Novice: 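Here you go, one structure.
Because the structure is a prediction, the values reported are computed rather than measured. Every chain is numbered from 1, with letters handed out A, B, ... down the list of sequences.
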There are 2 protein chains.
Amino acid sequence: MKTSVKDEIRASGKRMTRTRQAVLGVLESTKYPLSPLELYACLQKQNVAIDPVTVYRNLNALKTIGLVRRIKLHHDDQFRYEMKEGRAHHHHIRCRICGKIEDLLLCPLKKLTSMIERETRFLVGDHSLEFSGWCPKCQ
Amino acid sequence: MKTSVKDEIRASGKRMTRTRQAVLGVLESTKYPLSPLELYACLQKQNVAIDPVTVYRNLNALKTIGLVRRIKLHHDDQFRYEMKEGRAHHHHIRCRICGKIEDLLLCPLKKLTSMIERETRFLVGDHSLEFSGWCPKCQ
DNA sequence: TCACTTATTGCAAGTAGATTGCGATTAGCA
DNA sequence: TGCTAATCGCAATCTACTTGCAATAAGTGA
């Protein structure tokens with residue numbers, strides 16, 4: 001884990017605890033967004049003693065600081081979390097069979113925003129875009 | 001309610017009941033996707049005697065037949081339902097303040113699909129796209 | 001029109017994911 | 001080392017939704 005992460009946590013008045021470090025460790029080493037309970041299962045495999053509630057609370061805290069991003073995928077009834085740092089604006093594709101999630105690095109929507117603002121008179125703040133389909137293994 | 005709707009229900013071996021008719025009535029007269037409990041509240045205002053469970057079951061049944069579409073918006077922890085009929089593929093924009101939801105009729109993503117398939121080797125089945133921001137009243 | 005079959009309903013209870021209350025623990029600083 | 005408040009674990013609670021079951025009623029076929 002990078003020193004800067006610990007610094008950011010301290011800077012916000014929060015503490016770097018054993019459990020928080022473990023949660024961050026899993027998030028940093030996982031390439032796709034994790035649900036709280038998936039993360040909890042990961043920690044159990046690593047023999048980290050932790051309560052599921054603590055995982056929830058840590059994810060919330062890290063989201064509040066801004067270290068972690070919370071997302072909700074379309075055919076998925078739980079929230080997922082991913083590290084923000086070093087990850088630009090991106091979207092996801094998810095396999096309908098095995099649930100595998102991958103990043104999409106392109107975003108074709110920036111140009112579209114002003115058109116939508118004209119049409120709807122909404123002021124656009126953000127967008128979410130997600131594809132689903134079948135991953136190479138499940139086709 | 002259109003006769004064809006009743007026919008489709010009968011054709012699938014289901015029955016047109018008082019409650020199902022009421023659920024369909026609300027869906028047909030609402031221009032944005034409703035959550036089961038919003039729909040239930042609507043029916044209560046209309047003095048329709050119905051149990052929330054029945055709303056859930058009817059929405060599920062109508063989804064199974066294919067009359068109704070179930071969607072999940074990004075910062076929303078419940079499912080929403082809208083009539084399928086007469087409504088082409090479209091996306092939504094949602095106000096962060098008041099929750100107002102409007103349809104977006106454009107979809108810029110059809111061209112993108114083959115590019116994503118090449119990049120990820122996924123086979124793309126569907127996508128979801130949603131904007132959030134501030135509606136005219138809340139700006 | 002009536003009787004029969006079975007989809008549908010209402011009520012109660014159960015799930016899953018997430019949140020909250022509270023007393024015990026511990027990080028981080030003086 | 002000792003203090004203070006953030007954090008933790010456990011139990012209880014909450015919300016959205018589902019399931020079980022006995023009672024009801026839609027639609028058919030005589």
Novice: Considering only heavy atoms from C-beta outward, does the side chain of A/I93 approach that of A/E130 to under 4.5 Å?
Specialist: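 No; the side chains remain at least 4.5 Å from each other.
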Novice: Nearest whole Å is fine: how far is C/dA16 P from A/D77 CG?
Specialist: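 For the pair A/D77 CG and C/dA16 P, the rounded distance is 11 Å.
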Novice: Within the structure provided, determine whether A/E82 and A/R70 are in side-chain contact (heavy-atom separation under 4.5 Å).
Specialist: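 They are not in side-chain contact.
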Novice: Does the side chain of A/F122 come within less than 4.5 Å of B/P136's, by heavy atoms?
Specialist: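 Touching, per the 4.5 Å side-chain cut-off.
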Novice: Go through residues 50-64 of chain A and report each residue with a non-hydrogen atom lying under 4.0 Å from DNA chain C, sorted by number.
Specialist: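 A/V53, A/Y56, A/R57, A/N60 - these, ordered by number, are the residues of the stretch whose heavy atoms sit under 4.0 Å from the strand.
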Novice: Can you give one letter per nucleotide of nucleotides 25-30 of chain D, going 5' to 3': B for a protein heavy atom under 4.0 Å from the base, S for sugar-phosphate only, - for none?
Specialist: BBSS--
Novice: So among B/L39, B/I101, B/V23, which one has a side chain to side chain contact (heavy atoms under 4.5 Å, CB included) with B/L34?
Specialist: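 The residue from B/L39, B/I101, B/V23 that satisfies side chain to side chain contact (heavy atoms under 4.5 Å, CB included) with B/L34 turns out to be B/L39.
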Novice: Rounded to whole Å, please give me the gap between CG in B/L73 and P in D/dA16.
Specialist: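 In whole Å, D/dA16 P lies 15 Å from B/L73 CG.
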Novice: Looking at residues 36-43 of chain A, who's got a heavy atom less than 4.0 Å off DNA chain C?
Specialist: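 Hits under 4.0 Å, by residue number: A/P36, A/L37.
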Novice: Between A/I65 (CD1) and D/dT7 (P), how many Å, whole number?
Specialist: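 Those two atoms, CD1 and P, are 8 Å apart.
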Novice: So do A/K6 and A/L24 actually touch side chain to side chain, heavy atoms under 4.5 Å?
Specialist: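 Sidechains of A/K6 and A/L24: no contact.
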Novice: For the residue pair A/K14 and A/L62, establish whether any side-chain heavy-atom pair is separated by less than 4.5 Å.
Specialist: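 Heavy-atom side-chain distance check fails, nothing below 4.5 Å.
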Novice: About how many Å separate CG of B/L73 and OG of B/S35, when rounded to the nearest 0.5 Å?
Specialist: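 Reported value, rounded in 0.5 Å steps: 10.5 Å.
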Novice: Determine whether a donor-acceptor pair (N or O, by modelled atom type, separation under 3.5 Å) exists between the side chain of A/Q21 and the backbone of A/M16.
Specialist: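 Not confirmed, A/Q21 side chain does not pair with A/M16 backbone.
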Novice: Nearest whole angstrom, please: distance from the P of C/dG28 to the CG of A/D7.
Specialist: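 Checked: the CG to P distance equals 11 Å.
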Novice: Has A/T30 got a side-chain atom pairing as donor or acceptor with A/L27's backbone, closer than 3.5 angstrom?
Specialist: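 No, A/T30 side chain to A/L27 backbone: no donor-acceptor pair under 3.5 Å.
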Novice: CD1 of A/I71 versus C1' of C/dA18: gap in Å, rounded?
Specialist: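 Roughly 17 Å, once rounded to whole Å.
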Novice: Atom CG of B/L59 and atom OG1 of B/T64: how far apart are they, to the nearest 0.5 Å?
Specialist: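 Going from CG on B/L59 over to OG1 on B/T64, the span is 10.5 Å.
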